[in-house]
There are 2 protein chains.
Amino acid sequence: MEDSAASKRSVTVADVAKAAKVSKATAARVLGGYGVVSDKIKDQVMAAAAALEYRPNELARSMSTGRSGIIGVVVGDIENAFFSLAVRGISDAARLAGYNVIIANSGEKLDAEKSAVDLLIGKRVDGLIVTPARCDGMDHLHHVRRAGVPLVLFDRSIPELGVDAVTGDDRDAAITATRYMVDRGHRHLAYISAMDDEDGGLIDTGRISNSAVRERVEGFVSVLKEAGLPNPLCSVRFGATDQQQTDAVVRRLLSEASPPTALLASDSLVGLRIFRSLQSLGLSIPSDVSMISFLDADWTSVTVPPITVIDQRVYDMGKLAGERLVARIERTPLAVERLRVGTSLVVRGSVAAPGR
Amino acid sequence: MEDSAASKRSVTVADVAKAAKVSKATAARVLGGYGVVSDKIKDQVMAAAAALEYRPNELARSMSTGRSGIIGVVVGDIENAFFSLAVRGISDAARLAGYNVIIANSGEKLDAEKSAVDLLIGKRVDGLIVTPARCDGMDHLHHVRRAGVPLVLFDRSIPELGVDAVTGDDRDAAITATRYMVDRGHRHLAYISAMDDEDGGLIDTGRISNSAVRERVEGFVSVLKEAGLPNPLCSVRFGATDQQQTDAVVRRLLSEASPPTALLASDSLVGLRIFRSLQSLGLSIPSDVSMISFLDADWTSVTVPPITVIDQRVYDMGKLAGERLVARIERTPLAVERLRVGTSLVVRGSVAAPGR
DNA sequence: ATATGTTGTGAGACCGGTCTCTTTATACAG
DNA sequence: CTGTATAAAGAGACCGGTCTCACAACATAT
């Protein structure tokens with residue numbers, strides 16, 4: 001009867017103590033591994049604990065110690081290879097330091113991000129890694145700081161917040177990639193991102209709310225300006241959020257008066273969509289259109305032609321963020337800083353001189 | 001001073017109660033949203049809570065209620081698209097029911113899985129979804145049941161355990177795919193998996209410790225037998241754990257007396273590796289070798305040729321597992337069962353008649 | 001008028017650990 | 001043989017919520 005039925009209540013230190021005929025305090029000492037206990041009693045308690053199949057209640061433990069041993073991570077979308085790789089890096093760093101990771105998805109929406117942060121704070125995580133959907137609207141992140149919970153930003157930085165951030169070297173990466181294409185003779189280039197298309201045309205790069213995208217666009221634009229090419233801002237397009245939208249963006253772009261001959265994709269998902277768009281339009285890469293994508297995703301190496309990409313070392317970024325957060329949690333004295341992880345251009349076969 | 005310094009202790013119900021000049025019990029009632037309180041007092045308390053920026057301590061709440069609102073998920077490898085998609089499905093189902101998800105990686109190793117399960121039980125998760133690395137050695141899963149924590153297995157089932165499992169229809173999928181290739185004239189086929197190569201040759205399919213792989217192999221073998229093809233078991237190869245290993249497996253396979261003309265990949269990672277192996281050996285698909293891969297991963301549609309795959313509807317599997325677990329947690333009376341999610345063959349271009 | 005019911009609030013036990021403080025037992029010095 | 005230091009074990013407060021129970025105030029029934 002009592003064997004098959006779901007055991008009503010779990011075994012506690014008190015139960016173990018009673019079975020071992022010692023006080024609760026003593027049992028707690030050996031079970032919790034603190035204080036001093038004689039070997040004889042220690043064995044007694046351990047035996048009793050094993051017999052009763054005692055498992056400590058981490059919740060209760062967290063409550064009295066004040067630390068949960070959990071790191072909260074808020075990402076845009078776990079399904080995106082960028083984030084799952086980053087999470088892997090974070091997890092590895094966390095586990096190494098004895099922490100566990102709890103993940104929440106924001107879907108890149110500000111209010112979802114807010115409630116995710118609130119929830120994790122409620123769970124009393126020891127620290128938080130957040131990929132802020134927007135770099136304005138950061139009240140909730142201020143709350144985090146005021147609550148005394150260490151915070152590290154990931155992929156995007158918000159200098160006004162005064163917290164650590166781990167990002168790629170986005171401006172530099174964009175410059176390298178853009179220059180690579182310009183050097184090969186391209187005069188009409190376009191940058192395509194999945195960010196929500198806020199207000200039709202882009203007027204001012206400073207108004208892009210995602211710092212990673214902003215810096216990439218700035219890098220892209222700076223190279224075009226430097227090369228004396230016209231209307232650089234008009235070549236920046238947002239809204240490639242799914243295949244259909246991307247098809248529309250690409251089609252519109254290519255039907256312009258002087259269509260771009262080279263495309264720069266803001267992430268590997270956008271890159272894949274662009275690849276498909278071009279394919280479905282019957283355009284071949286790189287003879288008709290050249291392209292470079294951010295992130296060395298697995299698909300980029302097996303297409304024909306393989307795609308030239310900007311390798312972001314996302315795993316390292318995640319690991320670094322995790323390590324930094326652990327250092328903060330453990331009160332290592334460190335200056336607040338922005339850590340940039342270098343990128344590199346992996347040249348494959350998707351860029352050629354523009355055919356005309 | 002006290003503004004910038006990390007606020008020493010968080011605001012509790014008692015603090016709010018004092019500020020609102022009511023008892024702790026009353027404040028708790030309005031903050032916790034239970035019991036009956038007059039509107040006047042309710043407003044008082046809410047005002048005080050807002051002023052003090054009160055955030056409930058979910059840890060403490062969990063401790064007294066006995067429920068944490070967390071679902072634990074133990075997966076083989078989050079980086080694998082199969083699992084990240086599944087996690088997405090689980091998360092969506094969980095969030096809809098008011099639960100959150102905490103993820104742990106087992107790396108497909110039994111002892112890592114054990115400690116992950118222990119840890120999650122310690123955190124007092126309300127339920128557990130586990131992708132068991134092996135279908136033998138399941139003491140820790142028995143512990144879960146004995147601890148009274150609802151458990152749902154994912155992707156693999158262990159009938160002896162008597163718990164729900166959500167899996168794909170692996171045998172059927174393998175049969176469909178294998179038959180598809182046999183029907184196109186292939187007489188020498190091979191099945192390649194990333195599972196650890198336990199004891200060189202495979203003697204008995206019943207001894208494969210991963211039920212998903214076992215059923216696929218069984219399906220694969222049954223079709224070969226049915227078609228009167230020799231030595232079906234010898235055509236099953238394990239150990240394609242990374243690119244190098246896969247290269248070795250493929251090379252060995254193709255240098256045999258009667259090399260296979262068609263390959264079946266156990267998952268999309270193995271599929272990708274096989275694709276690369278064939279590419280590096282200078283073999284073209286499908287004229288030299290045909291292949292089918294499990295899982296409709298994004299890369300499979302952009303290769304040349306695009307890969308014919310078995311679509312597993314992993315998101316649905318995850319969602320179903322999440323819903324099932326929630327039902328168990330909430331004590332919905334349901335028979336223990338194995339839920340199979342149907343698969344379908346997505347025909348693309350990687351299978352042709354064997355060239356001779 | 002008293003009995004009965006309803007509603008809102010307060011007091012305090014409880015969850016399962018940690019940890020401080022106190023008490024008891026043993027060792028060693030004077 | 002007493003005094004003091006030291007080690008080991010016990011008693012109980014505490015973390016921050018929930019929740020039961022007691023009780024007060026007021027409304028309605030008899």
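Everything numeric in this text was worked out from a predicted model, so none of it was measured. By convention in this document, chain letters (A, B, ...) are assigned in the order of the sequence lines, proteins followed by strands, and residues within each chain are numbered from 1.
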Check your understanding: OP1, OP2 of D/dT18 versus side-chain N and O of B/Tyr34: anything below 4.0 Å?
Key -> yes
Point to revise | Residues touching DNA chain D, which here means a heavy atom under 4.0 Å, drawn from residues 51-69 of chain A | key: A/Met63, A/Ser64
Point to revise | B/Lys24 (side chain) and D/dG17 (base): donor-acceptor pair under 3.5 Å | key: yes
Exercise for review: Give me the bend of the helix from C/dT2-D/dA29 to C/dG30-D/dC1, using the axes of the five pairs at each end, rounded to 10°.
Suggested key: 60°
Check your understanding: Base, sugar-phosphate alone, or nothing: which one does B/Ile41 contact when heavy atoms must sit under 4.0 Å apart?
Key -> sugar-phosphate
Practice item. Look at the side-chain N and O atoms of B/Ser38 and state whether any lies under 4.0 Å from the OP1 or OP2 oxygen of C/dT9. Key: yes
Review point. Which pairs pass salt bridge (charged side-chain N to carboxylate O under 4.0 Å, His left out) with one or both residues in residues 105-118 of chain B, sequence neighbours excluded?
Key: A/Arg55-B/Asp118, B/Glu108-B/Arg156
Review point. Which nucleotide sits closest to the side chain of B/Thr12: D/dA9, C/dG17, D/dG17?
Key: D/dG17
Point to revise | Reading 5' to 3' through nucleotides 21-27 of chain C, protein heavy-atom contacts under 4.0 Å coded B for base, S for sugar-phosphate only, - for none | key: -------
Check your understanding: Under a 4.0 Å N-O cut-off, is there an ion pair linking B/Asp43 with B/Lys40?
Key -> no
**Study point:** Residues within residues 114-126 of chain A bordering DNA chain C, heavy-atom distance below 4.0 Å
**Key:** none
Practice item. For A/Thr12, check side-chain contact (heavy atoms from CB on, under 4.5 Å) against everything at least two apart and list the hits. Key: A/Arg9, A/Ala14, A/Asp15
